[in-house]
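For the numbers below, each heavy atom of this structure counts, side chains included, while hydrogens, waters and symmetry mates do not.
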Amino acid sequence: MTVLEIMERAGTTDTELVIAYLKDAYTAIQSNAPKTHRVKKQDISKATSGTSNQYNIPADMVNLVSVSVLDTEDDNKYKEISRLTGNLIVSEDTSP
Amino acid sequence: MSSQTNTQYIYQVKNNKLFLWKIRSIGDSVPTTSGEITSSGTNRVIYPPENITNGLRIEYGSLDSLFVDNDPNALSSDSSETSWGNPTLTEESTPSETSHLNLSRTLSLAMVDYVKAMMSDQSGDLERREIYMRDFYKKVGDDKSNTYRVSLSFPASPYAVR
């Protein structure tokens, strides 16, 4: 269905406003069940400072499906790792 | 060089950051800077001690492109039962009246209800707004239940005749 068909059914001629409403509605729909499945990879670096075990999460993420780490000893397979529940006692290590 | 990563690494998510740790088990205790070998009886976590190129893989769900150049609900070619093609959809960064919504037919109709609800809201007719919003969520629910339809079957009891 095109934007024009939506406008005709809703009885309005304000294109920009309708497009803005459509974006809002789409966000409401997709926030419950994201449509696109994506994968991002980044280098793991040997920790040298108190924040070097922190990695950026993709900004377009709605929900996290899994996190994996490359196993170079097993034919370069990515293996899912577990999520830590609870908090660690040490919040930052200044000399890792 | 990394091995058995599924048992040796753990992560935690805090806001927009992912914290990665490696588990150091009791068996691979190493001396501390003071020469003390620790063996507390529990596993410890340490910061990643190695470089792994493209080592961290994050799998996630994200929003899809809403406005596209072709109708997503029509096949691009359909010559026979075994020869057909899905449409190639290109995102339109500056949508116009001719842009297609990258949604199913049901969700497109839900969008009409949403626009009507917002138009009613703008004119101050809150009662009508609620009616259209209810229709919007009903259609979204119908679409989801059609997509993820689950059928349940139960075995018949051997003593079914009662």
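Considering A:Thr85, A:Leu84, A:Asn53 in turn, A:Leu84 is the only one that fulfils the side chain to side chain contact (heavy atoms under 4.5 Å, CB included) rule with B:Gln12.
Taking the side chain as every heavy atom from C-beta outward, A:Leu70 and B:Arg57 never approach each other to under 4.5 Å. By the 4.5 Å heavy-atom criterion applied to side chains, A:Arg38 and B:Ser62 are counted as neighbours. Between A:Leu22 and B:Val115, the closest side-chain pair of non-hydrogen atoms falls below 4.5 Å. Annotation: side chain of A:Leu17 is in contact with side chain of B:Gln122 (closest heavy-atom distance under 4.5 Å). Annotation: side chain of B:Ile58 is in contact with side chain of A:Gln42 (closest heavy-atom distance under 4.5 Å). Side-chain contact between A:Lys77 and B:Thr5 is absent, with no heavy atoms from C-beta onward closer than 4.5 Å. The shortest distance between side-chain heavy atoms of B:Tyr11 and A:Arg83 falls below 4.5 Å. For the pair B:Leu56 and A:Val67, the minimum side-chain heavy-atom distance is below 4.5 Å.
The minimum heavy-atom distance linking B:Met111 with A:Ala25 is given by the pair SD-CB, 3.3 Å. The nearest pair of heavy atoms linking B:Tyr47 to A:Ser52 is CD2-OG, 4.4 Å.
With sequence neighbours excluded, the residues forming a side chain to side chain contact (heavy atoms under 4.5 Å, CB included) with B:Thr7 are B:Gln4, listed by chain and number. In terms of the salt bridge (Lys or Arg N to Asp or Glu O under 4.0 Å) criterion, B:Asp135 has no residue partners (sequence neighbours excluded).
Below 4.5 Å, heavy atoms of chain A meet heavy atoms from B:Leu66, B:Phe67, B:Asp71, all part of residues 66-73 of chain B. Contacts of residues 89-98 of chain B with chain A at a heavy-atom distance below 4.5 Å involve B:Pro95, B:Ser96, B:Glu97, B:Thr98, listed in sequence order.
Between chain B and the residues A:Ile6, A:Val18, A:Thr51, the largest count of heavy-atom pairs under 4.5 Å involves A:Ile6. Per-residue heavy-atom pair counts under 4.5 Å with chain B were compared for A:Val39, A:Asp24, A:Asp71, and the maximum is reached by A:Asp71. Taking A:Asp74, A:Asn76, A:Val69, A:Thr15 one by one and counting their heavy-atom pairs under 4.5 Å with chain B, the maximum is reached by A:Val69. Of all the listed residues (B:Ala117, B:Ser108, B:Ala110, B:Ser65), the one sharing the greatest number of non-hydrogen pairs under 4.5 Å with chain A is B:Ser108. The choice from B:Glu59, B:His100, B:Lys116, B:Lys17 that makes the most heavy-atom pairs within less than 4.5 Å of chain A is B:Glu59. Interface summary for chain A: among B:Asp113, B:Asn102, B:Asn15, the most heavy-atom pairs under 4.5 angstrom belong to B:Asn102.
The contact between A:Met7 and chain B is made entirely by side chain atoms (from C-beta outward), counting heavy-atom distances below 4.5 Å. For A:Tyr55, the parts lying near chain B are the backbone and the side chain together; criterion is any non-hydrogen pair under 4.5 Å. If you measure heavy-atom distances from A:Asp14 to chain B, you find no contacts under 4.5 Å at all.
Not one N or O on the side chain of B:Asn6 forms a donor-acceptor pair closer than 3.5 Å with the backbone of A:Glu80.
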Between B:Tyr60 and A:Asp60, does a side chain to side chain donor-acceptor pair (under 3.5 Å) hold up when you go through it step by step? CA-CA 9 Å; B:Tyr60 64 100; A:Asp60 61 340; 3.0 Å; yes

